[in-house]
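Accompanying notes for the structure given below.
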Amino acid sequence: MKAPSASVPPGRAMYALIEELYPICRSITGNGVRDTLAILARLAPVEVREIPSGTPVLDWTVPKEWNIKGAFIDGPDGRRVVDFRESNLHVVSYSVPVRERLSLEKLRPHLHALPDRPDAIPYRTSYYEETWGFCLSQRQLDELPDGDYDVCIDSTLEPGALTYGEAILPGASADEIVISTHVCHPSLCDDNLTGIAVSVFLARWFAAIPNRRHTMRFLYAPGTIGAIAWLATHREEAPRIRHGLTLTCLGDSHPFTYKKTLGGDAVIDRAAALVLATSRVPHALIDFFPYGYDERQFNSPGFRLPVGSLMRGRHGMFPEYHTSADDLSFVSPDRIEQSFEVCRQIIEVLEGNETYVNLAPYGEPQLGRRGLYRATGGTDIADLQLALLWVLSLSDGSHTLLDIAERAKTGFRSIRAAADLLIAHGLLAPAG
Ligand SMILES: [Zn+2]
């Protein structure tokens, strides 16, 4: 895929990226992650980092590196009944190499299917226990005749590295916003190619903004071990994270879900709640719980970094999750674009959330004399007019623009635009 031009609608461009990434067999280590990051690096300044196998990281150890060339099961009549080339979900991720002939009875414990979803291939992993296995649909499993099977997994599990990517976009302040997405899932779209696509297009968008306030860090790391490895190797930088989001499941048809930080009242929690409410998109706000993706690591007691999580369908709560049904037809360009827009507006709140003082605080300044009364054209006249009054009214040095937007129950962009207009007319100045 070529780098899309600015005129390409982001939804289509993000979907095209997902189509390109979909066939790659990713895992928590290996060439699938490297190939994925190389594609992302064409779109945003993603730098690739590697941590050798065996490196202690917090309470964990970087595992051996896993790679796979192919895998199959041939039936008693020589017919190929399972082929990795048809779906990389067919092999349990991190399967050790195997080449054996064995009976169906001996093979059965190595076969995984979903009795409730007979057409779907499950996604299974065995990162920390050396074993091997195949995943197939229940329908395929039911059709296997008795007899001897030839089984081959052409994989390697050897000392190598854990690979992750990060794009750091410096701002005026060393204070950071982190956007983290896991890059360890094979051919699954919603979880988490949508998160990856939204994140890398956010990085493209943010990189083009002049006068950035925060430093933005986009992390593309394998789930759990990747975030743990990053935190272990960034003990100095981690406390600079002021706001964070993990992104997953952003292309399905469920309403948005925002999972709060552990504290539940961080600026990121308020920014996400405001954007979702004022965008009038169906959504739910849920409290933190210690299961999910890398928000768990960032929020752990030793770090307690305010990282929330944005998704549509909740991981584990919809039947397509972690199965072959989470394919290209399960996600749509429109929904991915809407998710991008929600994320962009959340970042705009974090970037634009400043505190001001009204420079004409005695009574209400005469807006008409300054050309500010019904000063703006377009359809948002009343909205902006009211926003000007809210900003003047609350800008006493103790209310942020986010405080004001929450109180006014209005979109942050209106409040931010009102503040900029008042600054331009000498009625508002930064507090302190
Ligand atoms: Zn997952």
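Since the structure is predicted, the reported quantities are computational estimates derived from the model, not experimental observations. Indexing begins at 1, ligand by ligand and atom by atom, following the structure's order.
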N192 and T248: which non-hydrogen atoms are nearest, and at how many Å? OD1-CA, 3.0 Å
Any idea which N/O/S atom from D191 gets closest to the Zn ion (ligand 1)? OD2
How about H315: does one of its N, O or S atoms come closer than 2.8 Å to the Zn ion (ligand 1)? no
Specify whether an N/O/S atom of Y293 falls short of 2.8 Å from the Zn ion (ligand 1). yes
Per the salt bridge (Lys or Arg N to Asp or Glu O under 4.0 Å) rule, which among R413, R213, R212 passes with E348? R413
Which is the closest N/O/S atom of H185 when seen from the Zn ion (ligand 1)? NE2
Which pair of heavy atoms, one from R49 and one from I168, lies closest together, and at what distance? NH2-CD1, 4.1 Å
Do the side chains of V183 and T163 get nearer than 4.5 Å, heavy atoms only? no
